[in-house]
Protein chains: 2
Amino acid sequence: MKVTINDVAAMAGVSIKTVSRVINNEPSVRPATRKKVMDAVAALNYQPNLAARNLAGTRSYTIAFIYDNPNAYYVIDMQNGILEACKARGYELLIHPSNSKSASVHDELKNLVEHSKVAGLVLTPPFSETAAVIETVKSLNVDYVRIVSAAAAHEDEENCIQVDDSAAAYDITQHLLQLGHKRIGFLCGGEEHVSTHGRLDGYRRALQDAGLPIEDNLILKGEYSFDSGVEGAKALLQSDNPPSAIFASNDEMAAGALFAARLMHIEIPQQLSIVGFEDSPFSRQTWPKLTTAHQPNNEIAKCAAALVLSKARSKGATENGKASKEAGIQREFTPSLVVRDSSGPAPKQ
Amino acid sequence: MKVTINDVAAMAGVSIKTVSRVINNEPSVRPATRKKVMDAVAALNYQPNLAARNLAGTRSYTIAFIYDNPNAYYVIDMQNGILEACKARGYELLIHPSNSKSASVHDELKNLVEHSKVAGLVLTPPFSETAAVIETVKSLNVDYVRIVSAAAAHEDEENCIQVDDSAAAYDITQHLLQLGHKRIGFLCGGEEHVSTHGRLDGYRRALQDAGLPIEDNLILKGEYSFDSGVEGAKALLQSDNPPSAIFASNDEMAAGALFAARLMHIEIPQQLSIVGFEDSPFSRQTWPKLTTAHQPNNEIAKCAAALVLSKARSKGATENGKASKEAGIQREFTPSLVVRDSSGPAPKQ
DNA sequence: CCGACTAATGACAGCGCTGTCATATCGAAC
DNA sequence: GTTCGATATGACAGCGCTGTCATTAGTCGG
């Protein structure tokens, strides 16, 4: 019924150890032998038993995906990307929702790594960016890849996939500037997200490069939530001298800002431009549709997973093998501007 | 370092087989012995190795979650619920995104069950409701639980967690009726979803019970998507005799309807009431906030997972044991009406 | 207090694979 | 045609657990 390594060995006329060598891409197998085995594998549609591999070997064929983000679209995109990478390489995925604010992250991660024998960890923000988590994974002797906002890589670039929030925010701000906006409100995301700071930085740089002043009262603290967007926009719009455009740090906040503008009977984009960040599905489901920055989460996750897996697989291999395997994996992403209907020319004075 | 069954056995002064009996809740262990073992387990913080269990035993400690739904919030809610149930019982979860329309579902599922040795399957709509899938899982000699719209249980209630879309839709429609609406447009979801039919049925029954005619031209086919909601609402509102309320089959469509109304400068809910279904997060992020039916997805999924696990675990056990274990798991859910701001009294003629 | 029976416990093999180490095979140099 | 030094291959144990079956301890009636 179920085909095992023994069946393959019998068919190919070799020992099971040779089959093992072939499927693990180990050296010291003659090309002719390798071919015989591969043919048998194909003929029988053999797939190694993960449980047995995990049990027998020193290495593990399981990686874990740890997330701590309320945005379902974000998580699913990431998860699907990781899943693809795992499937392509015959690995298993352990899903682990967590909470970076919890005091027990250390124990939690430690337990996960030591007990579940995972080969690697893929971490997403904000989990991937909190000090306690970084410290823990570094100390844990486990391969990991942190998906982070560029500034959060610190001196750990080799274990990071970086998203350049600052550059993307610069582009978005410049887009507004080109539309003639001189005073642009900025709604910050949560402090704990490094992306919040990156996006603000991009906004600031764009204004500076355009020779425009940075008005602190146009920059409001907030969180990456709809409600926060509503409040921030209200505050901005009810001030004495409201801006002609609002840059919300993510689409959810932008949707909130849209909501607030509507409550105040402000026409978008005629009287006010609003832009978001992330290009999540519902940036296309607002009215009007949001101008935003597209972040290829699926692709980012796929690269992150590919990276952990290459790290994990090269553990016992030669050093040069390691270098060559990690090559070709994109490590930096810059979300790209997507212009839709929520941004328009600045109104005449 | 890692604590195994041997360590526990040594500490408790029994054989490993006895430890195995205790952790698997098998009979024929004297209470005193059981306690000794349990104490040792607790003292050493022993957790059985899943890979070894999967490899050694005839049964598996892995269940799979199969989904085929573009709604990320839905999937994540379900997934988290299943994860909780798995964790509580020491099972592992295999995530398997799929496509019910693909011709290879049969092979895909077969391969999943036979190769990955999963103990059970949790299926969500629309995957859980397609004929090919149902046929396959029935033929596969694997425990499964289908989360379905009530009408889709057919003669398979024992393997279903049912959501009573019809009853919930009845409640929603009645809510509109009580607000004085006489003519209510209905935007259908995709044909392949059984929930589409259930929701329509509830709508029809409510009208009938109120002695109101069912106007076929107020019922529009569509899909569970934003764009479909836009189109449907437009068609309804541009007709000669538009309704005073629109019942969109889910929140995403309702958001689309809101969008369309906005385009046509129709005030919600003053001129038109719009209601959704599902209570997904963004039903609170539209303007105005949506009146909808709350569906406890997390809870539903938890019950579904608990049900497969109880089925799987009782496999070798006595028949009466089986019955008792499945007791206490809720098998039917009716989404409950949540009134927000998108529904209001019917406008005067 | 003894045999007959049942309940409790343990010894051992083996799940499918990998790691270690021994053996066999090959090629090149003499 | 040998010998040596790789390189290629195989035998075997064992990962941590469960299933089977043998063994031991306990219970009851007479």
Side-chain angles (χ1 to χ4, degrees), chain A residues 1-37 40-41 44 46-62 90-92 114-117 119 312-313 315-317, chain B residues 1-37 40-41 44 46-62 90-92 114-117 119 312-313 315-317:
Chain A
M1 181 92 270
K2 193 180 297 175
V3 21
T4 75
I5 198 170
N6 290 295
D7 304 323
V8 178
M11 183 167 192
V14 298
S15 76
I16 59 166
K17 183 62 220 189
T18 298
V19 176
S20 172
R21 287 199 179 90
V22 172
I23 60 179
N24 286 295
N25 246 307
E26 286 171 24
S28 297
V29 179
R30 210 170 311 160
T33 312
R34 188 177 296 272
K35 183 171 186 324
K36 273 195 300 185
V37 173
V41 166
L44 297 170
Y46 167 71
Q47 287 177 269
N49 179 313
L50 264 175
R53 271 155 94 108
N54 277 326
L55 185 58
T58 46
R59 58 180 196 251
S60 146
Y61 292 82
T62 304
Y91 273 68
E92 203 173 22
E114 291 183 355
H115 174 66
S116 300
K117 200 178 167 187
R313 297 211 294 178
K315 256 305 178 41
Chain B
M1 180 93 265
K2 194 180 296 175
V3 20
T4 76
I5 197 171
N6 290 295
D7 304 322
V8 178
M11 184 169 194
V14 298
S15 76
I16 59 168
K17 181 66 221 190
T18 298
V19 176
S20 172
R21 288 201 178 86
V22 171
I23 60 178
N24 287 295
N25 246 307
E26 286 169 25
S28 298
V29 178
R30 211 170 308 162
T33 311
R34 189 176 296 272
K35 182 170 185 323
K36 273 194 299 184
V37 173
V41 166
L44 296 169
Y46 168 71
Q47 285 176 271
N49 178 313
L50 264 175
R53 270 154 96 110
N54 276 326
L55 185 58
T58 48
R59 59 180 196 254
S60 145
Y61 292 81
T62 303
Y91 273 69
E92 202 172 23
E114 293 184 354
H115 173 67
S116 300
K117 200 177 167 189
R313 297 212 292 178
K315 254 309 176 39

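Keep in mind the model is a prediction, meaning the values are calculated, not measured. In what follows, every chain begins at residue 1, and chains take the letters A, B, ... in the order their sequences are listed.
Here the straight-line distance linking atom OG1 of Thr33(B) with atom CZ of Arg21(B) works out to 10.5 Å at 0.5 Å rounding. Separating the CD1 atom in Ile23(B) from the OG1 atom in Thr18(B) is a distance of 11.5 Å, to the nearest 0.5 Å. Lys2(B) contributes atom NZ, which lies 11.5 Å from atom CD of Gln47(B) (distance to the nearest 0.5 angstrom). Distance check, rounded to the nearest 0.5 Å: CD1 of Ile5(A) to OG of Ser20(A) gives 5.0 Å. If you take CG on Leu55(A) and OG on Ser60(A), they are separated by 11.5 Å, rounding to the nearest 0.5 Å.
Looking only at side-chain heavy atoms (C-beta outward), Thr62(B) and Asn54(B) come within less than 4.5 Å of each other. Inter-residue side-chain proximity for Glu92(A) and Tyr61(A) is flagged as unmet; no heavy-atom pair is nearer than 4.5 Å.
Five base pairs at each end of the helix from dC1(C)-dG30(D) to dC30(C)-dG1(D) define two local axes, and these are offset by 40° (rounded to 10°).
The shortest distance between the side-chain N/O atoms of Arg30(B) and the OP1/OP2 oxygens of dA7(C) is not below 4.0 Å. Here Ser28(B) does not reach the OP1 or OP2 of dA7(C): none of its side-chain N or O atoms lies under 4.0 Å away. The phosphate of dT9(C) (OP1 or OP2) has a side-chain N or O of Thr33(B) nearer than 4.0 angstrom.
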* Verdict with reasoning, Arg53(A) to Asn24(A), per side chain to side chain contact (heavy atoms under 4.5 Å, CB included) -> CA-CA 11 Å; Arg53(A) 271 155 94 108; Asn24(A) 286 295; 3.7 Å; yes

* To do: Report, as a single string ordered 5' to 3', how protein heavy atoms within less than 4.0 Å touch nucleotides 13-23 of chain C: B base, S sugar-phosphate only, - not at all.
  => -BBBBBBB---

